[in-house]
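Below is one structure, written out as structure tokens, with a few remarks after it.
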2 protein chains.
Amino acid sequence: MKRILLILILFPVLAIAQQLQSPNGSFELQFQVENGVPTYQLDYNEETIVAKSSLGFELKDMESLLSGFTLKGEKTSSFDETWEPVWGEVGSIRNQYNELLVLLEQESTQRFLNIRFRLFDDGLGFRYEFPEQPNLSYFIISEEKTQFAMTGDHIAFWIPGDYDTQEYNYTTSKLSEVSSLMEQAITPNASQTPSSKTGVQTALMLKSNTGTYINLHEAALIEYAAMHLDVDASNFTLTSHLTPDAVGNKGYMQAPRNTPWRTIIASKNAGDILLSNITLNLNEPTTYEDTSWIKPVKYIGVWWEMITGKSSWAYTDIPSVKLGETDYSNTEPNGRHAANTEHVKSYIDFAAQHGFEQVLVEGWNQGWEDWFGKSKDYVFDFLTPYPDFDVIELREYAKSKNVKLMMHHETSGSVRNYERYMDKAYQFMVDNNYNSVKSGYVGDIIPRGEYHYGQWAVNHYLYAVKKAAAYKIMVNAHEAVRPTGLSRTYPNLIGNESARGTEYEAFGGNNPDHTTILPFTRLIGGPMDYTPGIFEPDVSKYNPQNNSWVNTTIARQLALYVTMYSPLQMAADLPETYNKHLDAFQFIKDVALDWEESLVLEAEPGDFITYARKEKGSNHWFVGRTNDEEPRTSKIAFDFLDKDKKYIATIYADAKDAHYKKNPKAYTIKKYRVSDSSKLSQYCAPGGGYAISIFEVTDNSQLKGVKRL
Amino acid sequence: MKRILLILILFPVLAIAQQLQSPNGSFELQFQVENGVPTYQLDYNEETIVAKSSLGFELKDMESLLSGFTLKGEKTSSFDETWEPVWGEVGSIRNQYNELLVLLEQESTQRFLNIRFRLFDDGLGFRYEFPEQPNLSYFIISEEKTQFAMTGDHIAFWIPGDYDTQEYNYTTSKLSEVSSLMEQAITPNASQTPSSKTGVQTALMLKSNTGTYINLHEAALIEYAAMHLDVDASNFTLTSHLTPDAVGNKGYMQAPRNTPWRTIIASKNAGDILLSNITLNLNEPTTYEDTSWIKPVKYIGVWWEMITGKSSWAYTDIPSVKLGETDYSNTEPNGRHAANTEHVKSYIDFAAQHGFEQVLVEGWNQGWEDWFGKSKDYVFDFLTPYPDFDVIELREYAKSKNVKLMMHHETSGSVRNYERYMDKAYQFMVDNNYNSVKSGYVGDIIPRGEYHYGQWAVNHYLYAVKKAAAYKIMVNAHEAVRPTGLSRTYPNLIGNESARGTEYEAFGGNNPDHTTILPFTRLIGGPMDYTPGIFEPDVSKYNPQNNSWVNTTIARQLALYVTMYSPLQMAADLPETYNKHLDAFQFIKDVALDWEESLVLEAEPGDFITYARKEKGSNHWFVGRTNDEEPRTSKIAFDFLDKDKKYIATIYADAKDAHYKKNPKAYTIKKYRVSDSSKLSQYCAPGGGYAISIFEVTDNSQLKGVKRL
């Protein structure tokens with residue numbers, strides 16, 4: 001009798017591990033409260049991916065939520081549903097997981113904390129939940145202390161943790177080398193605040209020496225600060241580090257509520273990381289009743305000529321202006337203002353001629369003379385054009401050509417100002433036939449002291465997207481927080497930049513392997529408006545004062561339309577340059593924006609990625625390969641094609657002597673008959689790649705003169 | 001020859017004093033650049049009021065604008081114009097001054113700074129002007145360094161400098177005692193940030209030992225941080241100390257622009273300080289074309305019962321709510337919610353019965369359960385009523401009684417949230433027949449780190465007023481920055497609290513001499529919504545848990561309608577209490593809100609003030625006396641009345657044994673015949689006073705039974 005009693009009494013005190021398996025059993029999660037501390041561990045095919053890691057929070061002026069917990073209860077459940085995204089890399093997405101919800105109580109304070117784990121066949125998502133309770137209502141997070149204990153000195157593809165920018169080149173190094181390489185990794189930016197000497201951003205891509213790929217990110221970042229990770233080189237543990245606000249607090253919370261999900265994707269196959277739908281699946285379904293107004297967009301724009309310095313955003317060279325006071329009709333134009341009526345018309349013509357839906361125009365509105373670096377509050381009104389930009393005339397001209405203009409709302413980080421004008425600005429768009437806006441947040445956030453990735457700004461970005469939906473407007477927010485799958489819930493968020501994009505090619509260049517990493521990092525949470533399509537890598541051809549070089553071959557630029565998934569794709573270069581390479585340009589015209597299927601044929605982060613994608617609603621396939629600075633040979637099979645069908649593949653590839661620096665414009669275009677049994681061995685130049693459009697043969701005459709691959 | 005040359009060469013180096021006289025010669029200003037430092041001095045009737053004081057700025061990351069100046073030029077001019085305010089203490093205001101504009105250049109940086117001085121017959125105003133110039137465009141102020149060198153250890157009537165509140169009792173002390181008394185002067189507040197150990201707020205009232213009254217304040221505070229003053233007890237010099245932002249900067253500036261005016265009013269007669277129009281005259285005329293919708297308002301309100309704790313703003317006692325998620329129809333009402341339809345109707349009835357135009361209702365809208373102290377962002381939506389407040393029914397009921405409801409927008413300091421809802425909130429008002437709103441900013445400002453009186457919040461308050469004008473809405477902003485005469489330019493700003501008001505009588509009491517100081521300080525810049533009219537000083541009568549005492553006699557409460565000028569006046573107590581004293585209440589019903597003439601019959605800051613005011617558009621006069629904690633006898637003459645006219649004066653006075661604590665409700669009401677030769681000697685109790693309404697006799701039968709005074 002006594003022995004039984006003994007066991008019963010000890011029962012709640014013993015550490016009991018809760019276990020959860022993924023649907024196919026490949027992943028196993030263990031949860032355990034150990035010495036009062038909540039911990040979890042994740043194994044993948046019996047390899048430990050995340051060693052025992054602790055969970056919890058430091059709170060301001062309150063006892064922390066780090067220890068003193070007991071497990072009060074747990075619930076498990078399963079879920080399996082398939083849903084269709086409004087736009088995406090695939091036509092339908094399966095959301096299948098096993099779930100474990102643990103209910104914890106901190107005895108000394110009688111406070112409750114729940115943690116929900118969802119285990120998918122490709123990884124784990126978990127979040128904290130603060131239920132409604134008497135002893136925890138309003139609280140402030142000083143720091144979230146979620147650990148991800150890596151099991152070795154993995155290779156990491158990282159950018160420095162920063163509260164204001166992600167526009168850094170990636171560094172590839174061991175985790176132990178992060179702190180020694182931090183200083184050189186922090187290159188200048190219009191707005192930057194490094195988070196810590198060992199901080200990195202998410203999505204973080206890792207590769208163990210056992211060949212396991214691991215990816216850490218977050219999903220559903222709503223009303224919360226963005227998470228960075230601090231690297232502890234002594235034990236390879238990564239710990240969450242949230243973005244603070246102006247006074248150093250990291251989260252204002254009111255129970256009941258949840259945190260975002262923390263995600264861990266893992267596979268022996270790098271392509272599985274790219275194809276994972278965990279991030280989207282952890283977001284809520286959309287409640288938009290009508291999504292018919294949300295459509296992918298292919299566009300060109302009055303933009304690259306300003307980025308290179310060939311033209312000017314500003315109408316004049318006055319050193320400073322005051323909206324409503326500066327009389328532009330009385331100022332001297334600088335003669336370099338690109339956003340003028342005639343010039344925009346020429347872009348509309350080009351778009352119409354080549355089937356582009358929209359033309360972005362930057363610099364159309366008053367205020368660009370002193371738009372950044374001045375901490376200027378009332379910097380733009382988003383309504384008043386320069387004297388040489390005729391809103392009505394261009395609206396009608398675009399309409400007549402069945403083209404839309406794309407609006408541009410550069411905010412200069414002056415967020416209160418943008419919100420004051422937002423309704424009027426959106427209505428102005430509707431009144432003038434715009435349905436999509438590229439917004440920007442270049443420069444430090446106003447109110448001063450706030451950061452681009454803090455809770456306050458994160459709240460704002462979503463506010464802008466939700467309000468846009470009321471006007472049936474699609475949003476592409478640059479310099480905003482990197483996405484975390486919110487576009488499932490808010491499908492009018494069709495893009496972000498929020499990483500180092502093509503513009504940096506004109507600001508000194510991106511690493512030639514940059515686009516072989518971005519899909520493993522920045523794109524995990526959502527599409528990127530990378531704005532590829534540069535056919536003239538020598539920037540000095542546009543602006544003799546700018547010696548920057550676009551580190552790419554032309555063939556690789558075409559590939560990016562396939563490898564850098566986005567429902568919003570720009571052909572970024574100037575029409576006059578495209579006119580010199582209309583043969584290569586054809587691929588950009590042909591490539592689809594919305595996909596039924598996506599496959600990763602080859603992938604090694606930092607080295608190369610090859611995607612094959614099938615267009616939604618057709619039998620067309622597109623293949624793209626982006627290649628790093630090494631010359632390589634890509635070997636792919638076309639077994640994704642339908643059996644018993646004939647196709648014509650047009651391969652846009654690097655010439656044998658192509659090189660991103662020495663000979664970027666050397667490309668070949670070859671047509672072949674292909675079928676599901678075809679194979680390709682294709683040379684890829686340093687900083688190169690290839691793009692393939694594959695059309696089903698509908699008429700045998702199309703095959704005439706076309707050789708088999 | 002040589003001698004002449006010597007003089008010429010030295011000429012620009014010698015300190016040349018620029019002199020300026022006021023129109024009647026009583027004031028003299030001297031301006032001089034001394035050792036490169038701009039200085040000024042102000043004399044009044046040959047007494048130095050402000051000893052030589054320096055001017056300038058510390059700038060962030062830039063050479064300061066403190067020294068190295070030379071005088072490049074100067075211009076003098078005169079101005080004399082009379083204008084009529086939309087509402088005010090007088091029907092017309094003369095704006096007469098002599099002006100000196102000095103043009104300075106800082107040689108080493110080739111930067112220009114102008115200072116404009118306007119000298120009136122009762123004082124000085126001056127401001128800095130940054131002209132458009134090549135070497136100074138955008139700059140950040142670290143600190144303004146304007147000195148006001150007092151000539152002795154004056155008596156000061158002060159409250160602690162604070163970036164977030166003015167709700168302190170006044171301390172009367174010598175300047176040298178300020179720092180030793182600072183700690184006890186800083187009493188608790190929902191939002192407070194003391195500015196410095198020797199800091200005081202403006203308007204600052206001073207009295208020299210030569211019997212000269214001096215008042216320091218600012219006018220036209222627009223797009224700039226509010227100014228406090230730091231006391232240097234070693235030399236009695238006061239130096240400007242601006243309110244910082246979240247990152248410690250004090251002003252974001254873009255040339256060309258001006259600062260607010262710094263004002264110095266002086267007189268041997270305390271009443272002249274009260275009657276000075278310098279602050280209004282330094283503001284710009286209004287550009288509102290139509291001001292017919294702006295009218296003074298006499299109101300009652302569902303308010304004091306919540307302030308005392310008798311009733312609740314909140315509908316329930318749930319500890320925390322989420323707008324849009326909390327289902328109030330499913331919660332248990334606490335039974336103490338005052339803002340319910342039937343109760344508000346009873347107020348509408350009382351207002352209609354007694355001629356009050358409006359009824360303020362606080363607590364009408366969802367969100368009051370956890371409205372402050374939580375740093376809650378989405379705290380109110382300003383649109384959604386509680387289940388027991390029927391917007392439509394009350395709108396129609398009020399209309400039928402020819403009464404309006406007064407809107408209440410408590411923001412809890414969550415400024416971004418208020419701006420997001422502002423248009424909808426103002427439209428809601430228009431749709432429901434409201435034309436005036438009391439707004440509030442209780443609690444720390446969100447965005448966190450900003451202060452109530454920083455440039456950012458100052459910008460917001462004016463934004464709210466300007467936007468309100470577009471909806472023909474009048475604004476009464478509590479907890480906002482104290483006014484600086486802006487209501488000349490924006491006459492729909494009809495009030496602020498922005499000081500320790502009547503509500504503090506229920507939070508522990510105000511000093512009995514509080515209202516003998518406020519007109520010399522808080523009211524210099526504009527009217528105060530002091531909300532007097534308390535007839536039941538024992539707060540425990542309303543709420544047994546609240547032992548607070550309203551430190552006043554009833555007679556003094558009546559006087560405040562005359563001595564505390566405001567176009568917006570509340571009878572703050574409960575109808576059931578007024579019903580017990582309808583005889584005294586008659587004064588409140590009779591007193592005017594808008595004035596043709598105002599005179600100060602007696603005044604000593606901290607001791608007593610007696611005003612006589614003539615109603616605009618009638619021959620009625622009203623007299624009010626507020627008295628400190630000493631028993632005193634007021635002696636006034638009625639020589640302000642028209643000759644050869646007969647009047648009946650009703651005197652509401654303290655009874656002989658009245659006392660603000662021991663016997664506050666003991667008052668007498670006596671009618672007398674008076675004329676311009678009448679005189680009155682009237683006893684005033686401690687914390688007491690008297691009020692007199694004087695009506696012209698239109699029919700001799702009115703004189704029957706009325707004795708001569």
Side-chain angles (χ1 to χ4, degrees), chain A residues 60 132-140 223 244-249 251-257 318-323 325-326 369-370 372-379 414-424 444-450 454-457 459-460 463-464 466-467, chain B residues 60 132-140 223 244-249 251-257 318-323 325-326 369-370 372-379 414-424 444-450 454-457 459-460 463-464 466-467:
Chain A
K60 185 179 184 201
E132 191 148 19
Q133 51 187 291
N135 297 319
L136 188 68
S137 167
Y138 282 90
F139 59 102
I140 296 173
E223 202 48 52
D245 75 348
V247 298
N249 295 330
Y252 296 89
M253 308 284 281
Q254 178 190 4
R257 68 159 289 180
I318 302 172
S320 89
V321 301
K322 292 191 178 187
L323 297 180
E325 292 177 42
T326 300
E369 283 73 9
D370 55 359
F372 92 93
K374 313 293 186 191
S375 195
K376 189 175 185 183
D377 199 321
Y378 180 35
V379 59
S414 185
V415 170
R416 169 174 71 176
N417 182 61
Y418 188 33
E419 290 200 10
R420 285 177 170 180
Y421 284 94
M422 198 179 281
D423 275 292
K424 287 201 192 67
D444 289 342
I445 295 290
I446 301 173
R448 291 109 183 164
E450 287 293 335
Q455 181 182 17
W456 202 88
N459 170 301
H460 162 78
Y463 175 80
K466 286 191 198 175
K467 187 181 280 293
Chain B
K60 185 177 183 202
E132 192 150 18
Q133 51 186 292
N135 297 320
L136 187 67
S137 167
Y138 282 90
F139 58 102
I140 295 172
E223 201 49 51
D245 75 350
V247 296
N249 294 330
Y252 297 89
M253 308 285 280
Q254 178 190 4
R257 68 158 291 179
I318 303 171
S320 89
V321 301
K322 292 189 178 188
L323 298 179
E325 292 177 42
T326 300
E369 282 74 9
D370 56 359
F372 92 93
K374 312 294 187 190
S375 195
K376 189 174 185 183
D377 199 322
Y378 181 35
V379 58
S414 184
V415 171
R416 170 174 71 175
N417 181 60
Y418 188 33
E419 290 200 11
R420 285 177 171 180
Y421 284 94
M422 199 179 281
D423 275 292
K424 288 202 191 66
D444 288 343
I445 295 290
I446 300 173
R448 291 108 185 166
E450 286 294 333
Q455 182 183 15
W456 203 88
N459 170 301
H460 162 77
Y463 175 79
K466 287 189 196 177
K467 188 183 279 292

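Throughout, a chain's letter reflects where its sequence line sits, starting with A, and its residues are numbered from 1.
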Q: Sort out for me which of A:Ala246, A:Ser320, A:Gly449 touches chain B most, counting heavy-atom pairs under 4.5 Å.
A: A:Ser320

Q.
Donor-acceptor check, side chain of A:Lys376 to backbone of B:Tyr138, threshold 3.5 angstrom: yes or no?
A. no

Q: Keeping the roles fixed (side chain from B:Arg448, backbone from A:Asn249), state whether a donor-acceptor pair exists under 3.5 Å.
A: no

(Q) Does any backbone or side-chain atom of A:Asp370 lie under 4.5 Å from a heavy atom of chain B? Answer side chain, backbone, both or neither. (A) both

(Q) To check you understand the geometry: which heavy-atom pair defines the closest contact between A:Gln254 and B:Lys322, and what is its length? (A) O-NZ, 3.3 Å

(Q) Taking every non-hydrogen pair under 4.5 Å, which of A:Glu325, A:Met422, A:His460 racks up the most with chain B? (A) A:His460

Q. In terms of heavy-atom pairs under 4.5 Å, which option from B:Ile140, B:Val415, B:Ile446, B:Val247 contacts chain A the most?
A. B:Val247

Q) With sequence neighbours left out, what residues match A:Glu419 under salt bridge (charged side-chain N to carboxylate O under 4.0 Å, His left out)? A) B:Arg420

Q: Give a yes-or-no answer on whether the side chains of A:Tyr252 and B:Asp377 include a donor-acceptor pair shorter than 3.5 Å.
A: no

Q: Mind ranking A:Pro319, A:Pro134, A:Ser375, A:Pro256 by heavy-atom pairs under 4.5 Å with chain B and telling me who comes out on top?
A: A:Pro256

Q) So which part of B:Asn459 gets closer than 4.5 Å to some heavy atom of chain A, the side chain, the backbone, both or neither? A) both

Q: Name all residues meeting the ring-ring contact (aromatic ring centres under 6.0 Å, His included) criterion together with B:Tyr378; count only those two or more places apart in sequence or in a different chain, and write none if there are none.
A: B:Tyr421

